[in-house]
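Remarks on the structure that follows.
Order of the sequence lines sets the chain letters (A, B, ...), proteins ahead of strands, with each chain counted from 1. Just so it is clear, the values below take in all heavy atoms, side chains as well, and ignore hydrogens, waters and symmetry mates.
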Protein chains: 2
Amino acid sequence: MDQQDEIAVVERRLREGGHRWTQQRRRIAEVVFATHEHFNAEELLALCRKVDRRVSRATVYRMIAAMEAVGVVEGLDTGDGSRRFEHVLGHEHHDHMICRSCGRIVEFSDAKLERQKAEIAHRMGFTMLRHELKLVVECNDLACPGRAPVGKRR
Amino acid sequence: MDQQDEIAVVERRLREGGHRWTQQRRRIAEVVFATHEHFNAEELLALCRKVDRRVSRATVYRMIAAMEAVGVVEGLDTGDGSRRFEHVLGHEHHDHMICRSCGRIVEFSDAKLERQKAEIAHRMGFTMLRHELKLVVECNDLACPGRAPVGKRR
DNA sequence: ATTGATGCAAAAGATTTGCAAACTG
DNA sequence: CAGTTTGCAAATCTTTTGCATCAAT
């Protein structure tokens, strides 16, 4: 699935949800699916503004909420004070390791882990909507460039 | 380990960290270890104030940070806009399910899951400091009293 | 006495919202 | 056209911080 298709999916899902497809929303979707970073609202706003001055902060926040609601974007709490997001179309679910030494966000996925999570929710009588696993780690020398901590930690 | 012991541990760890043990800190620790809810800073402040008017908001925030730093309290992001906390002395690590229908936070723990998490971090060359697994679920009729959603969801 | 801790109020950030104007279907 | 969506700024909410004062060691 390439970027055009992904944006088409976003459009379709929003329309199906009774929403309108505006120029701003398309712009935001384009930027979201063009990046592979974990961005927060402010960063997304800045990226959108670079290509289209008409995108406002409020619209970015509203669009993020809308995309989350239709499941094309997921948020994660990295502990830096803002929520960060990533698009989730076209790749299987993955989890995150957040390195306290260098601030990197490392993605990983593990089939066994996924099975275990689903099984636990089911065993306890719940329907799992989504799940978020965060490992806060410290990198060892080989794995890490040894950069200074990034951003404020709390 | 009863509540007195738990508070003694908090005191010891803070003192070992070079901190002073003040009346406010003792009060806050007492309240934290007396509750079994997942409280946020504002709620903790209100509880403390009920028994001791001298506890201020700033001190509550500072004490939460201190307790987190010495590992007697852990925070979790429930998606309601504030961080929630729980004390972690005297019971093994557990994860959380957050029910989107009724707002309940259900705790669970699974040894196999724990082993898997640790193994993954190790395999990828990291040292795991802590981990947080959150399953966002929807309860089925039997499991849920069917209460209305609690708090704002985002 | 020294020095860290506290309370207060102000500041800082992130996110949400009211409303008139602009745009979509 | 009718009804959404937008931009803006103001409002909200949570958390942090500066600083004079207080209290623990």
Side-chain angles (χ1 to χ4, degrees), chain A residues 10-29 31 38-49 51-70 73 75-85 150-154, chain B residues 10-29 31 38-49 51-70 73 75-85 150-154:
Chain A
V10 178
E11 174 175 356
R12 178 156 43 76
R13 297 223 190 143
L14 287 184
R15 283 192 193 279
E16 282 169 357
H19 297 287
R20 290 178 181 176
W21 187 242
T22 65
Q23 309 199 31
Q24 284 86 333
R25 287 186 175 181
R26 170 183 296 282
R27 229 358 84 65
I28 294 170
V31 172
H38 296 83
F39 53 86
N40 64 23
E42 201 62 30
E43 291 163 355
L44 177 55
L45 173 65
L47 290 171
C48 291
R49 291 269 220 182
V51 293
D52 191 339
R53 296 295 317 291
R54 293 170 312 167
V55 177
S56 73
R57 175 171 291 109
T59 295
V60 165
Y61 274 100
R62 290 189 273 232
M63 178 63 169
I64 288 175
M67 289 190 294
E68 233 187 326
V70 298
V73 151
L76 76 145
D77 170 38
T78 60
D80 77 340
S82 68
R83 272 196 348 133
R84 292 192 166 271
F85 304 89
V150 175
K152 69 174 172 181
R153 299 283 129 202
R154 65 173 190 189
Chain B
V10 179
E11 175 175 354
R12 178 156 44 75
R13 297 222 191 144
L14 286 185
R15 284 191 192 280
E16 283 169 356
H19 297 287
R20 291 176 180 175
W21 186 243
T22 66
Q23 309 199 29
Q24 285 86 334
R25 287 186 175 183
R26 170 183 296 282
R27 231 356 85 66
I28 294 170
V31 172
H38 297 83
F39 53 85
N40 64 22
E42 202 61 30
E43 291 163 355
L44 177 56
L45 173 64
L47 290 171
C48 291
R49 290 269 221 183
V51 293
D52 191 339
R53 296 294 318 289
R54 292 171 313 169
V55 177
S56 73
R57 175 171 291 108
T59 295
V60 164
Y61 274 100
R62 289 189 274 233
M63 178 62 169
I64 288 175
M67 290 189 295
E68 231 187 327
V70 298
V73 152
L76 75 144
D77 170 39
T78 60
D80 76 339
S82 67
R83 276 208 330 145
R84 293 191 167 270
F85 303 89
V150 175
K152 67 174 171 181
R153 299 285 129 201
R154 63 172 191 191

Query raised in the report: Which nucleotides of nucleotides 18-25 of chain C have their base under 4.0 Å from a protein heavy atom (B), which only their sugar-phosphate (S), and which neither (-), written as one string 5' to 3'?
Result: B-----BS
Query raised in the report: Between A/R84 and A/L76, is there a donor-acceptor pair closer than 3.5 Å when you use the side chain of the first and the backbone of the second?
Result: no
Report task. Mind calculating the distance between CG (A/D80) and P (C/dA14) to the nearest angstrom? Result -> 8 Å
Report task. Let me know the distance between CG of B/N40 and P of D/dT15, rounded to the nearest Å. Result -> 7 Å
Report summary line: Between CD of A/E42 and C1' of C/dG13 the distance, given in whole Å, is 9 Å
Query raised in the report: Nearest 0.5 Å, what's the NE2-OG1 distance between B/H38 and B/T78?
Result: 9.5 Å
Query raised in the report: What's the OH-C1' distance between A/Y61 and D/dT12, to the nearest Å?
Result: 13 Å
Requested in this report: Starting from P on D/dA23, measure out to CZ on B/R27 and report it in whole angstrom.
Outcome: 15 Å
Report task. Assign A/R25 to base, sugar-phosphate, or nothing according to its heavy-atom contacts below 4.0 angstrom with the strands shown. Result -> sugar-phosphate
Requested in this report: Take atom CZ of A/R84 and atom C1' of C/dG13, then tell me their distance rounded to the nearest Å.
Outcome: 14 Å
Report summary line: Taken to the nearest whole Å, CD/A/E68 to C1'/C/dT15 is 13 Å
**Report entry** Gap between atoms CD and P, on B/E11 and D/dA24 respectively (whole Å)
**Finding:** 12 Å
Report summary line: Heavy-atom closest pair (B/S56 atom, B/L45 atom, distance to 0.1 Å) is C-CD1, 3.7 Å
Query - Closest non-hydrogen atom pair between A/R83 and A/E68, with its separation - result: NH2-OE1, 2.9 Å
Requested in this report: Quick one: closest heavy-atom pair of A/V70 and A/R13, and the distance?
Outcome: O-NH1, 2.8 Å
Query raised in the report: Would you call B/R25-B/E11 a salt bridge at under 4.0 Å N-O?
Result: no
